[in-house]
Amino acid sequence: MTPLLLFACLLLAAASAYALRTASRVRGVSLAAAALIGGAVIVAAFSGLTGGPVPPIVGWWHADAFTWTLVALVSFVYVAAAAVSYRYVGVEHHEGVLTLPQVRLYFCLLHVFVLTMLAAALADNLGVLWMSLEGTTLATTMLVAMYRKDASIEAAWKYVILCSIGISLGLLGMLMFVHAAALGAGLSPEEALSLSALRAHAAAFDPALTRWAFIFVFIGLGTKVGFVPMHAWLPDAHSKTPSPISAMLSGILLNVALSGILRFKAVADAALRGTAWTDGLFLAFGFLSVVVAAFFLLQQRNYKRMLAYSSVEHMGLMAFAVGLGPIGVTAALIHTVGHALVKPMLFFGAGEIMLAYKSTHIEDIREAKRRLPITSALFIPGLLLILALPPSALFVSEFLAIGAGMQAHPWLSLLLLSALAMIAFSMLKSVTTMLYGEAEAPLETAPERWNLTHTVMAVQLCAAAAFGIFALTPAALRFFSVVVRSLTTL
Amino acid sequence: MISLIHWNQLFIAGLLLFTLAIFGKPRLPAVIRHFALASLCLTGLTVTTSLLRGDAHGVYASLGTFAFKVIAIPTILLYAMRRSRASMQVSFYLRPAATSFVVASVLLAAYLISLRPAAVPFLPIALVLLGLSLMIMRKDLSSQIIGFVTMENGVAAYGVLTVGGIPLLVEVGIILTVTAGAVLMAVLSRHVQEMYATGDTERLTELTE
């Protein structure tokens with residue numbers, strides 16, 4: 001499946017939401033389309049990763065080991081989110097929370113959102129990369145505003161304004177890279193718009209112009225990643241969106257944005273003949289993101305915001321790891337995969353809690369273990385995995401990152417460890433209050449039944465645990481060293 | 001007889017001056033009109049720079065700038081404001097003297113930045129910083145949208161003055177994406193007006209921690 005054919009299929013799936021008459025058909029066809037398209041892309045990505053036959057990806061597109069990893073993750077989260085959406089949107093439509101036009105808009109934008117993420121992951125042309133990243137914002141803004149309440153409209157406004165500013169600054173940075181390529185390497189604008197060409201000719205770039213270009217790209221795309229202090233939109237948007245979309249925003253969109261920065265880091269490192277300068281930026285913003293997220297988590301009263309701040313923390317951890325050299329980059333990649341497998345699952349669980357209690361405030365959720373035994377039984381191991389307890393892949397990545405950090409920046413790493421301990425304490429305290437805290441009035445509800453969301457959560461849990469065990473093997477290190485090579489030029 | 005290079009410089013001056021004039025306008029229609037005039041100068045800058053370079057495709061790209069930034073975005077913004085019966089009065093955080101001081105500081109900062117790396121022109125950096133300042137100094141939703149598209153004018157000016165020759169399809173794609181963003185912001189600002197009965201961003205405090 002070539003990129004253009006893939007995008008055509010996704011557009012067809014998006015259009016189908018407006019061609020069908022009933023909400024159940026819209027949900028069913030969307031799920032079937034997601035399973036078919038997502039499944040085909042996952043197969044192609046695994047083929048690409050194992051050296052098998054892949055469709056030609058040329059021109060404005062490029063695929064290396066890192067791209068295939070990202071594409072596989074996007075597709076996995078897509079299929080999972082489409083399955084959970086089938087149930088989640090069905091319940092909300094049945095309860096009258098969402099109308100038929102809203103259901104259509106939801107599923108149409110879901111496929112467009114995935115299209116923009118896949119385009120961003122596969123893009124080699126800077127213009128296409130920028131349009132795709134801005135497209136992710138445009139596709140999801142109306143999803144953030146879906147419930148049309150005060151808070152969701154406010155969250156959508158902050159989201160579109162802050163992310164659009166960020167992405168505009170990112171475009172300025174990208175044009176500066178093109179300018180540097182034209183001045184230093186004599187490339188024509190058309191040639192210089194290719195990321196591969198930039199990497200190949202980076203050694204000839206003017207270092208001062210490259211630094212400015214990278215600062216604009218870092219700040220611009222970093223807004224989309226949710227680095228502190230550009231993160232203000234993230235907890236609002238992730239907490240006000242329907243849960244399956246929150247899962248996609250937190251679980252994979254942030255990684256897609258970070259991948260854009262990593263591509264430019266490789267160019268900047270080659271131009272500056274060393275990684276020290278860009279590493280410093282990653283270390284500073286990564287450290288700040290983890291520490292600030294820790295303090296916000298300490299006083300968190302909303303469980304969806306808690307998960308959103310946890311994403312700020314994890315993106316910070318990935319950035320910190322990237323700033324620690326090749327071992328750190330390996331750790332960051334393992335962390336990316338582990339986080340993308342676990343975080344969506346927690347948001348799916350949060351969605352089940354939301355459907356049952358009609359509230360996202362921690363103080364309103366009591367005795368969830370008794371009222372939602374299946375969801376709780378899946379949510380608890382998910383929480384332990386996101387807190388990096390073995391066999392979580394995040395344990396391996398954090399162990400590698402902190403180990404490398406202790407050698408290079410011991411005091412900073414110790415402070416980071418303290419922040420991680422604070423985060424673990426805060427999240428465990430909040431979740432145990434929700435699961436085991438006593439309700440003021442006795443709860444009388446029908447027993448919870450196994451549903452599609454639970455199946456998806458169970459599959460994700462198994463996948464996350466299996467990946468955690470795989471991450472401990474030499475085969476994993478061999479695999480990730482290949483991925484790291486596709487990300488570095490030095 | 002004014003030569004092409006003089007027209008080029010005239011458009012650079014016009015782009016900066018019309019953007020600066022936005023800061024002094026107390027009513028939204030005037031703000032939007034000045035943004036449209038600034039965008040018209042950007043269109044002229046694109047045409048003259050392309051002709052000076054002998055690059056014909058920039059002339060076609062300028063048609064996109066004219067259609068979307070001079071006509072479509074201002075029209076859509078005015079339409080959205082009238083539909084939501086928004087107040088046409090702009091609300092300021094700063095007094096005029098303080099605003100002038102901030103604008104002067106921004107221009108000085110842009111000048112200093114343009115001195116540092118090789119060949120980064122003053123105009124784009126100034127426009128990006130002015131757009132950002134407008135978003136910070138004004139309280140109303142429409143001014144924030146104008147601030148965003150002004151920033152985008154700065155980015156486009158950077159592309160025109162330094163890069164040039166970007167494939168038409170990519171350039172049109174970028175303009176379309178920016179327009180889609182501005183339309184989405186206009187739609188959302190209408191929702192905010194309907195929900196809060198005001199376009200004052202200070203009222204958006206539901207989600208503060």
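Chain letters run A, B, ... following the sequence lines, proteins first, then strands; residues in each count from 1. Note that these values count all heavy atoms, side chains included, but never hydrogens, waters or copies made by symmetry.
For B/V128, the part lying under 4.5 angstrom from a heavy atom of chain A is the side chain only. For A/W130, the part sitting under 4.5 Å from any heavy atom of chain B is the side chain, from C-beta outward, and nothing else. For a residue to count as touching a neighbouring chain, one of its non-hydrogen atoms must lie under 4.5 Å from one of that chain's; by this rule A/N125 touches chain B with the side chain only. Contacts between B/L184 and chain A at a heavy-atom distance below 4.5 Å involve the side chain alone, from C-beta outward. With a 4.5 Å cut-off on non-hydrogen atoms, B/M185 touches chain A through its backbone and its side chain both.
Few gaps surround CZ on A/F7; more than 12 heavy atoms of other groups in view lie less than 6.0 Å from it. Within 6.0 Å of CH2 in A/W61 there are more than 12 heavy atoms belonging to other residues, nucleotides or ligands.
The side chain to side chain contact (heavy atoms under 4.5 Å, CB included) check on A/S246 picks up A/T241, A/K304, A/F347, with sequence neighbours excluded.
Screening A/V178, A/L172, A/L171 for a side chain to side chain contact (heavy atoms under 4.5 Å, CB included) with B/Y158, the sole residue that qualifies is A/L172. Tested against A/E134, the residues B/V178, B/T177, B/I174 include a single side chain to side chain contact (heavy atoms under 4.5 Å, CB included) partner, B/T177.
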**Study point:** Working for side-chain contact (heavy atoms from CB on, under 4.5 Å), residues B/V155 and A/L175
**Key:** CA-CA 8 Å; B/V155 178; A/L175 288 175; 3.8 Å; yes
Exercise for review: Check step by step if side-chain contact (heavy atoms from CB on, under 4.5 Å) holds for A/M176 and B/T162.
Suggested key: CA-CA 9 Å; A/M176 283 181 166; B/T162 62; over 6 Å; no
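Taking non-hydrogen atoms and a 4.5 Å limit, the residue list of residues 141-149 of chain B in contact with chain A, ordered by number, reads B/L141, B/Q144, B/I145, B/F148. When the heavy atoms of residues 141-148 of chain A are compared with those of chain B, the residues falling under 4.5 Å are A/T141, A/M142, A/A145, A/R148, listed by number.
Put simply, CG on B/L188 and NZ on A/K158 are 13.5 Å apart, with the number rounded to the nearest 0.5 Å. Atom-to-atom distance recorded for B/M195:CE and A/I153:CD1 is 4.5 Å, nearest 0.5 angstrom.
Within the 4.5 Å cutoff, side-chain heavy atoms of A/W60 are placed close to those of B/L169. Within the 4.5 Å cutoff, side-chain heavy atoms of A/I161 are placed close to those of B/M135. Contact annotation: the side chain of A/W212 approaches that of B/I113 to within less than 4.5 Å [non-hydrogen atoms, C-beta and beyond].
Note: A/S164 leads A/G127, A/S164, A/A180, A/A232 in heavy-atom pairs under 4.5 Å with chain B.
Residue pairs satisfying the salt bridge (Lys or Arg N to Asp or Glu O under 4.0 Å) criterion with at least one member in residues 60-69 of chain B, sequence neighbours excluded, are listed as follows: B/K69-B/E152.
Between B/G181 and A/L138 the shortest heavy-atom distance is CA-CD2, 3.5 Å.
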